[in-house]
Colleague: 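Before we start, here is the structure in question, set down as C-alpha cells.
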Amino acid sequence: MKTTKKIIPLFLFLGLILAACGSDDTEEIGGAENDGTLTVYVGLEEEHAIASINQFTEDTGIDVDMVRMSTGEILAKIRSEQQNPQADIWYGGPADTFVAAKEEDLLQPYQSPEAEAIPEEYRDEEGYWTGIYLGLIGFATSQDFLDENNLEAPASWDDLLDPAYKDMVVVAHPGSSGTAYTALYSILRAKGSDDAGFDYLKDLDNQVQQYTTSGSAPGRMVGMNEVGAGILFSHNIIKFQKEGFDNIVLSFPEEGTGYEVGGVGIINGTPNEELAQEFIDWAVSANAQEVGQEANAFNNLTHPDAVEPEEAADLEEIELIDSDPIEAGERRQEILDRWEDEVNN
C-alpha cells in the first residue's frame with residue numbers, strides 16, 4: 001500500500017495564515033475560504049491518476065492535491081473525516097462504494113450537464129456519482145503454471161478449485177479493495193444465491209495463498225510466477241501484459257463475470273464546491289475519459305463519444321452477469337461481514 005502525506009491540515013493552516021494577513025489570493029467558494037486548490041482522493045491506478053490530474057490542471061488551470069488510495073481505504077477515510085472533510089473529490093473506484101457513501105451521507109449531489117450523455121445505468125439518478133469507466137473481473141494465470149500442470153486457462157469459477165491451484169490463487173481483501181469486493185459480489189450473482197456463493201467462497205479460500213491490499217497486485221504476482229492465478233480487473237491484466245509480462249493469460253468465467261462502474265463524486269462538505277463541480281464536468285467528458293489510454297489504462301468507457309482503447313475487452317464476446325451496483329453498495333457491509341465471519345476466519 002502506498003503511503004501518502006497528510007497534506008490537508010497544512011493546507012488549512014496556511015489558508016488561515018493568508019486569511020489573517022488579508023491576502024487577496026483566497027476566495028470564497030461554497031461558504032469556505034480556499035486558495036483555488038482541489039484535494040482529490042483517487043482510486044485509479046497511479047499512472048492513470050497522474051495523467052488525468054495533470055490533464056485536468058492543464059485544461060482548467062485548477063491546481064490539485066492528489067492522494068492515491070485503494071477504494072476501501074478512500075471510503076474509510078471519508079467516513080473518518082465526515083465531521084471535518086479534508087478533500088473535495090472522490091475520483092475512481094467501483095460505484096458500489098459510492099452507493100455505500102451516499103447511504104451514509106458522505107457525498108453531495110451535483111447534476112452535471114456533461115453527465116446527461118452518460119447512459120442512465122451508469123450514473124446515480126440524483127447526481128451523487130457518475131460512472132466514467134467499466135472494469136470487468138477476469139482471471140490472470142501464468143502460462144508456465146498452466147504448462148507445468150497440463151491445464152488450460154480457467155474458463156469457469158469452478159476451474160480455480162482444481163487441486164493444482166491449492167495455495168496458488170491470489171485475490172485482494174474485499175474490505176480494502178473495490179476490485180475484490182466486485183469479484184465477491186460477482187461470485188454471489190454468478191452462483192445464483194448468497195448461500196451458494198458463500199459455499200463456493202469457502203472452497204476458494206482453501207486455494208488462496210494470500211489476500212492482498214491492492215486489487216491489482218495479484219496480476220503482478222502472476223506475471224512474476226509467484227502464484228498460478230489471480231482474480232482482478234481485466235484492464236489491469238492487459239496493462240501487465242503490455243508491460244512485458246507476456247506469460248500472463250487473460251480469461252473470463254463462461255457462466256458470467258461481474259464488472260465495476262468506476263465513479264466520480266463530490267465529497268459532502270467540500271469547501272470548494274464550484275471548483276469541485278468543474279472537476280465533475282471535466283471528468284465525465286469524453287476527452288477526460290480518453291486520457292487513460294495515454295497511461296496504459298485499458299478500461300471500457302461510459303461516454304458514448306469516447307473512443308475506447310483497442311485493447312479493451314469486447315463486451316459482445318464476454319458473458320456478463322446481471323450486476324446491480326445499487327444493491328452491491330447497499331448490501332456492502334452486510335456481505336463483507338458475512339465474508340469475514342464465514343470465509344476469512
Colleague: Kindly compute the distance separating OH (Tyr122) from OG1 (Thr302), expressed to the nearest 0.5 Å.
Modeller: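 OG1 of Thr302 is found 8.0 Å from OH of Tyr122.
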Colleague: Please tell me if the side chains of Phe233 and Ser216 come closer than 4.5 Å, counting only heavy atoms from C-beta onward.
Modeller: no
Colleague: Hey, are the side chains of Leu232 and Val222 touching, using non-hydrogen atoms and a 4.5 Å cut-off?
Modeller: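 Sidechains of Val222 and Leu232: no contact.
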Colleague: So which heavy atom on Ala297 is nearest to which on Pro309, and how close?
Modeller: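 Shortest heavy-atom separation between Ala297 and Pro309 comes out as O-CG, 3.7 Å.
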Colleague: Begin from the C-alpha positions of Phe298 and Glu310 and carry the test side chain to side chain contact (heavy atoms under 4.5 Å, CB included) through to its verdict.
Modeller: CA-CA 8 Å; Phe298 303 106; Glu310 292 182 3; over 6 Å; no
Colleague: Determine, for Arg332 against Glu104, whether the closest basic-nitrogen to carboxylate-oxygen distance falls under 4.0 angstrom.
Modeller: no
Colleague: To the nearest 0.5 Å, how far apart are CD in Gln333 and CD1 in Ile335?
Modeller: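 It comes to 10.5 Å.
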Colleague: Could you go through the side chain to side chain contact (heavy atoms under 4.5 Å, CB included) check for Ile280 and Ile89 one step at a time?
Modeller: CA-CA 8 Å; Ile280 300 296; Ile89 293 288; 4.0 Å; yes
Colleague: Output, in order, the C-alpha distance, side-chain angles, deciding distance and verdict of side chain to side chain contact (heavy atoms under 4.5 Å, CB included) for Asn225 and Asn247.
Modeller: CA-CA 9 Å; Asn225 284 317; Asn247 63 314; 3.2 Å; yes
Colleague: Donor-acceptor pair, Gln55 side chain versus Ala288 backbone, under 3.5 Å?
Modeller: no
Colleague: Before you tell me yes or no, could you show the steps for Asp147 and Gln143 under side chain to side chain donor-acceptor pair (under 3.5 Å), namely the whole-Å CA-CA distance, both residues' side-chain angles and the distance that decides it to 0.1 Å?
Modeller: CA-CA 6 Å; Asp147 291 343; Gln143 187 63 61; 2.8 Å; yes
Colleague: In plain terms, say whether Lys239 and Glu243 are close enough for a salt bridge, that is, a side-chain N and a carboxylate O under 4.0 Å apart.
Modeller: yes
Colleague: If you look at every heavy atom in Val261 and Gly131, which pair is closest and at what distance?
Modeller: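 Heavy atoms of Val261 and Gly131 come nearest at CG1-CA, 3.7 Å.
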Colleague: When rounded to the nearest 0.5 angstrom, what is the spacing between CD in Gln111 and CD in Gln277?
Modeller: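 It is 11.0 Å, given to the nearest 0.5 Å.
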Colleague: With Trp90 as reference, evaluate Ile266, Val264, Thr97 under the side-chain contact (heavy atoms from CB on, under 4.5 Å) test and give the passing residue.
Modeller: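 The residue from Ile266, Val264, Thr97 that satisfies side-chain contact (heavy atoms from CB on, under 4.5 Å) with Trp90 turns out to be Thr97.
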Colleague: Do side-chain atoms of Asn268 reach the backbone of Asp105 as a donor and acceptor pair under 3.5 angstrom?
Modeller: yes
Colleague: Kindly say whether Ala49 contributes a backbone atom to a donor-acceptor pair with the side chain of Arg68 at under 3.5 angstrom?
Modeller: no
Colleague: Given side chains that start at C-beta, do those of Trp339 and Pro174 come closer than 4.5 Å, heavy atoms only?
Modeller: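 Trp339 vs Pro174: side chains touch.
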Colleague: Locate the shortest heavy-atom distance separating Glu290 from Val307; write the atom from each residue and the value.
Modeller: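 For Glu290 versus Val307, the nearest heavy atoms are OE2-N, 2.8 Å.
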Colleague: Is a donor on one side and an acceptor on the other found under 3.5 Å between the side chain of Ser285 and the backbone of Trp282?
Modeller: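 Side chain of Ser285 to backbone of Trp282: a pair is present.
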Colleague: To the closest 0.5 Å, what do you measure between CG (Asp96) and OH (Tyr185)?
Modeller: 9.0 Å
Colleague: Hey, could you give me the OG/CG distance between Ser80 and Leu75, rounded to the nearest 0.5 Å?
Modeller: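 Those atoms lie 10.0 Å apart.
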Colleague: In terms of relative ring orientation, are Phe245 and Phe240 parallel, tilted or perpendicular, with 30° and 60° separating the classes?
Modeller: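 The rings of Phe245 and Phe240 stand perpendicular, inter-plane angle above 60°.
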Colleague: Are Ile137 and Ile318 in one and the same hydrophobic cluster, where Ile, Leu, Val, Met, Phe, Trp and Tyr link if side-chain heavy atoms are under 4.5 Å apart?
Modeller: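 Hydrophobic grouping puts Ile137 apart from Ile318.
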Colleague: Treating Gln207 as the side-chain partner and Leu160 as the backbone partner, does any N or O pair qualify as donor plus acceptor under 3.5 Å?
Modeller: yes
Colleague: Distance-only, no hydrogens or angles: does the Arg189 side chain make a donor-acceptor pair with backbone N or O of Gly258 under 3.5 Å?
Modeller: no
Colleague: Would you name the heavy atoms of Pro154 and Phe139 that are closest together and state the gap between them?
Modeller: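 It is O-CD1, 3.5 Å.
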Colleague: Identify the residue among Leu151, Asn149, Asn206 that makes a side-chain contact (heavy atoms from CB on, under 4.5 Å) with Tyr165.
Modeller: Leu151
Colleague: Counting distance only, does the side-chain N/O of Tyr200 pair as donor-acceptor with the main-chain N or O of Trp157 below 3.5 Å?
Modeller: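 Yes, Tyr200 side chain to Trp157 backbone: donor-acceptor pair under 3.5 Å.
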Colleague: Quick check on Asn345: does its CG atom have over 12 non-hydrogen neighbours (other residues, nucleotides or ligands) under 6.0 Å away?
Modeller: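 More than 12 within 6.0 Å, yes.
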Colleague: Check whether any side-chain heavy atom of Lys191 lies under 4.5 Å from a side-chain heavy atom of Phe198, and answer yes or no.
Modeller: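 No; the side chains remain at least 4.5 Å from each other.
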Colleague: Starting from the C-alpha separation in whole Å, work towards a yes-or-no answer on side chain to side chain contact (heavy atoms under 4.5 Å, CB included) for Val284 and His303.
Modeller: CA-CA 7 Å; Val284 304; His303 198 294; 5.9 Å; no
Colleague: Does Tyr211 reach the side chain of Val343, with side-chain heavy atoms less than 4.5 Å apart?
Modeller: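 In contact.
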Colleague: Could you tell me which non-hydrogen atom of Leu134 sits nearest to which non-hydrogen atom of His235, and how far apart they are?
Modeller: O-ND1, 4.3 Å
Colleague: If we ignore hydrogens and angles and just use 3.5 Å, is the side chain of Asn299 paired with the main-chain N or O of Leu301 as donor and acceptor?
Modeller: no
Colleague: Would you call Phe56 and Leu38 a side-chain contact if the rule is heavy atoms closer than 4.5 Å?
Modeller: yes
Colleague: Taking Glu319 for the side chain and Glu254 for the main chain, is one N or O donor matched with an acceptor at less than 3.5 Å?
Modeller: no
Colleague: Shortest non-hydrogen contact from Leu250 to Gly138?
Modeller: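 Nearest heavy atoms, Leu250 then Gly138: CD1-CA, 4.5 Å.
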Colleague: Determine, step by step, whether Asp63 and Thr37 satisfy the side chain to side chain donor-acceptor pair (under 3.5 Å) criterion, reporting the C-alpha distance in whole Å, the side-chain angles of both residues, the deciding distance to 0.1 Å, and the verdict.
Modeller: CA-CA 5 Å; Asp63 291 329; Thr37 299; 4.6 Å; no
Colleague: Any side-chain heavy-atom pair from Glu226 and Gln209 closer than 4.5 angstrom?
Modeller: no
Colleague: Would you indicate whether Glu152, at its atom CD, is surrounded by more than 12 heavy atoms from other residues, nucleotides or ligands within a distance under 6.0 Å?
Modeller: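 No, the 6.0 Å shell around CD holds no more than 12 heavy atoms from other groups.
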Colleague: Does Glu311 pair with Lys242 as a salt bridge, N-O distance under 4.0 Å?
Modeller: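 The answer is yes: the pair qualifies as a salt bridge.
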Colleague: Say whether Leu146 and Val227 are linked into one hydrophobic cluster, either directly or through other cluster members, by side-chain heavy-atom distances under 4.5 angstrom.
Modeller: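 No; Val227 is not reachable from Leu146 via cluster members.
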Colleague: Checking Tyr181 side chain against Leu336 main chain: does a donor-acceptor pair fall under 3.5 Å?
Modeller: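 Checked: no pair found.
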Colleague: Should Ile53 and Tyr133 be counted in the same cluster of Ile, Leu, Val, Met, Phe, Trp and Tyr side chains packed under 4.5 Å apart?
Modeller: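 Yes, same cluster.
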Colleague: Is there side-chain contact between Arg338 and Asp194, with heavy atoms separated by less than 4.5 Å?
Modeller: yes
Colleague: Calculate, to the nearest 0.5 Å, the distance between atoms CG and CD1 belonging to Leu107 and Ile267 respectively.
Modeller: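 It comes to 7.5 Å.
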Colleague: For the hydrophobic clusters of this structure (ILVMFWY residues joined by side-chain heavy atoms under 4.5 Å, transitively), does one cluster hold both Val99 and Ile78?
Modeller: yes
Colleague: Could you see if Phe98 belongs to whatever hydrophobic cluster contains Val67? Use Ile, Leu, Val, Met, Phe, Trp, Tyr and a side-chain cutoff under 4.5 Å.
Modeller: yes
